[in-house]
Amino acid sequence: MNPEPKSADATVPSPIVSIANVSKTYTNGYQALKNVSLDIQRGEILALLGPNGAGKTTLISTICGIVNASTGSITVGGYDIEADYRITRRMIGLVPQELTLGAFEKVWHTLCFSRGLFGKVPDPGYLEKVLKDLSLWEKKNSILMSLSGGMKRRVLIAKALAHQPSVLFLDEPTAGVDVELRKDMWALVQRLRESGVTIILTTHYIEEAEAIADRVGIINHGELLLVDDKQALMRKLGKRQFIVELEKPITVLPVSLLMLKLDLSLDGCRMTYTYDPHHTDNGINSLLQAINESGLVIKDVHTTKTSLEEIFVGLVKNKTTQTRP
Amino acid sequence: MNTYAIRVIYKYEMLRAFETIAQSFASPVLSTALYFVVFGSAIGGRIQTVEGVPYGAFIVPGLMMLAILTQSIANASFGIYFPKFTGTIYEVLSAPISFIEILIGYVGAAATKSFIIGLIILGTAGFFVPLHIAHPFWMLAFLILTCISFSLFGFIIGLWATNFEKLQLIPMLVITPLVFLGGSFYSVSMLPPAWQTVTLFNPVVYLISGFRWSFFEVADVSVGLSLFMVLIFLAICLLIVWWIFRTGYRLKQ
């Protein structure tokens, strides 16, 4: 049986993973994590977004015990990852970024190895279910090196699930996989969450975070820039755009529209108006009136909302500008 | 104690040896047979006895040691280096296992393989020369202790190595010469006095001497000293492995 997470007060939900002031400086002097603090709630899907080298992998490697933190403390299920490493590691499953698998073993053997390594009694029935859920059952006697990249990725997930973890770390699970497999992975992540597994995934695919995460953490240069509910983040930082397609192209904006801060496309056929949807007067009525008065003929209108990607780029850019001397 | 983890590591290491049975077991037997042909038959025809023991039989403990030392190091170093090389070591490092359990799994399997090879070589030698083991208990004790301590040494090399060249470096450039110059094929007393003194700085001399004593009651140094040296070597290796796991040297960043 997996150990029960500690809870000081049953009425207050305690985080399943709690990271407090964790920093990591490698021996070559590179500081990969800078005073990171983060609480991850039971049963949620948290996406850690960040560019390459941001510190995502270092953070999850530290929680899993592969990298030693320089300072700070981490608890999993209320247990310290160093003092109670046997308990915390049994709760954790890790799917690494690279396709790190042996070459000559069979799928079934490597799963049995993973389960045993985490001190679990052999349970062929459970492993069969895991393989079937991942569409790998037919490949159970295949040699690992004979599998495709997508299948290897699924074997890594199966290995991470072999000991029935309650917290699953997925380090860039869909890096380099095709669209179909990516969608399959997302469906799998949802199913795991429904079964009570807390999922922390790192990714630099914004659409991935947008599609499956409950909360999003943005990390860059070892700093956790923000963590927020995905919808709240988009509400807070997201902008909407009102796009007006013109019947005939124009070379310059009419004087009456200059005050409205419109962007005219290069071909002169489209005007874009950016507004805050939460503001009482979003200015769309005034814009339409001004266009009408200017004599321009509207062909079409539509709105778009800022994607998580744009929010992310904006945040990272702002931070870079702030830190630049 | 995470006995399941020890069991799976041990099982998978042993499985690897049996899947490559020709490389793991047949190759050392063939090499030993060739040594018997060259040293036992060709040279043994000219050297009748060494310290009252027929030359063919005299070299058996040395040949066993040569194979055991090289195989222990090769098996244990490869066993831990390969997961480092492929990256699969992440699984061991993130599992709820102590360093003692990792050691028992990897070193236990490497030592078992060497022990089996030692017994196979002993059996092979029986086809070439008549053998008599004066102290079977001590023979087994020296054999097991040597298998464990040199598997530990190999494990350290596997942890230390950052490429395949380094993995081969110490076994090829240090261990093999030390075994050849450690009295595998001759008695230290056959050397000039000055070289006898120099030879005593070779730790392998003590291993071979003690092991040979268990067969023929003939030794270059006292048996107690031999046993002491093996135990010291074992303790030093354990200390180094403990330090590596405590600091995460070349394992954790």
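Order of the sequence lines sets the chain letters (A, B, ...), proteins ahead of strands, with each chain counted from 1.
Ranked by non-hydrogen atom pairs under 4.5 Å with chain B, the options A:Ile63, A:Val121, A:Thr58, A:Ile92 are led by A:Val121. In terms of heavy-atom pairs under 4.5 Å with chain B, the best-connected choice from A:Leu94, A:Thr62, A:Thr27 is A:Leu94. Counting heavy-atom pairs closer than 4.5 Å to chain A, the top residue among B:Ile97, B:Ile89, B:Ile6 is B:Ile97. Across B:Gly105, B:Pro83, B:Ala95, the residue that shares the most heavy-atom pairs under 4.5 angstrom with chain A is B:Ala95. Across A:Gly65, A:Gly119, A:Ser114, the residue that shares the most heavy-atom pairs under 4.5 angstrom with chain B is A:Gly119.
Closest approach of B:Tyr4 and A:Pro122 over heavy atoms only: CE2-CD, 3.7 Å. Scanning both residues, A:Asn68 and B:Thr247, for their nearest heavy atoms gives ND2-O, 4.2 Å. Contact detail for A:Cys112 and B:Tyr12: the closest heavy-atom pair is CB-OH, 3.6 Å. Of all heavy-atom pairs between B:Ala5 and A:Leu117, the closest is CB-O, 3.5 Å. When all heavy atoms of B:Thr86 and A:Leu101 are compared, the pair lying nearest together is CB-O, 4.4 Å.
Heavy-atom neighbours of A:Lys34 NZ from other residues, nucleotides or ligands within 6.0 Å: above the threshold of 12. For B:Lys166, the NZ atom sits in a packed shell: over 12 heavy atoms of surrounding residues, nucleotides or ligands are nearer than 6.0 Å. Within a 6.0 Å sphere centred on CZ of B:Phe128, heavy atoms belonging to other residues, nucleotides or ligands number more than 12. Annotation for A:Glu128: atom CD counts as buried by contact number, over 12 foreign heavy atoms lying within 6.0 Å. Within 6.0 Å of atom CH2 in B:Trp160, more than 12 heavy atoms from other residues, nucleotides or ligands are found, so the atom counts as buried in its surroundings. Within a 6.0 Å radius of CZ in B:Phe99, more than 12 heavy atoms belonging to other residues, nucleotides or ligands are found. When the shell of 6.0 Å around CE of B:Met1 is examined, it contains more than 12 heavy atoms from other residues, nucleotides or ligands. Residue A:Phe104 places its CZ atom among 12 or fewer non-hydrogen atoms of other residues, nucleotides or ligands, all under 6.0 Å distant.
Remark: side-chain polar atoms of B:Tyr90 are not paired, donor with acceptor, to backbone N or O of A:Ser61 under 3.5 angstrom. Looking at A:Arg89, its side chain does come within 3.5 Å of a backbone N or O of B:Leu93 through a donor-acceptor pair.
In this structure, CG in B:Leu15 is found 9.0 Å from NZ in A:Lys106, a value given to the nearest 0.5 Å. Considering CD of A:Glu105 and CD of B:Glu19, their distance stands at 8.5 Å, rounded to 0.5 Å.
Interface residue B:Ser98: backbone and side-chain heavy atoms are both found under 4.5 Å from chain A.
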*Full working for side-chain contact (heavy atoms from CB on, under 4.5 Å) between A:Phe113 and B:Ile9*: CA-CA 7 Å; A:Phe113 178 82; B:Ile9 293 173; 4.2 Å; yes
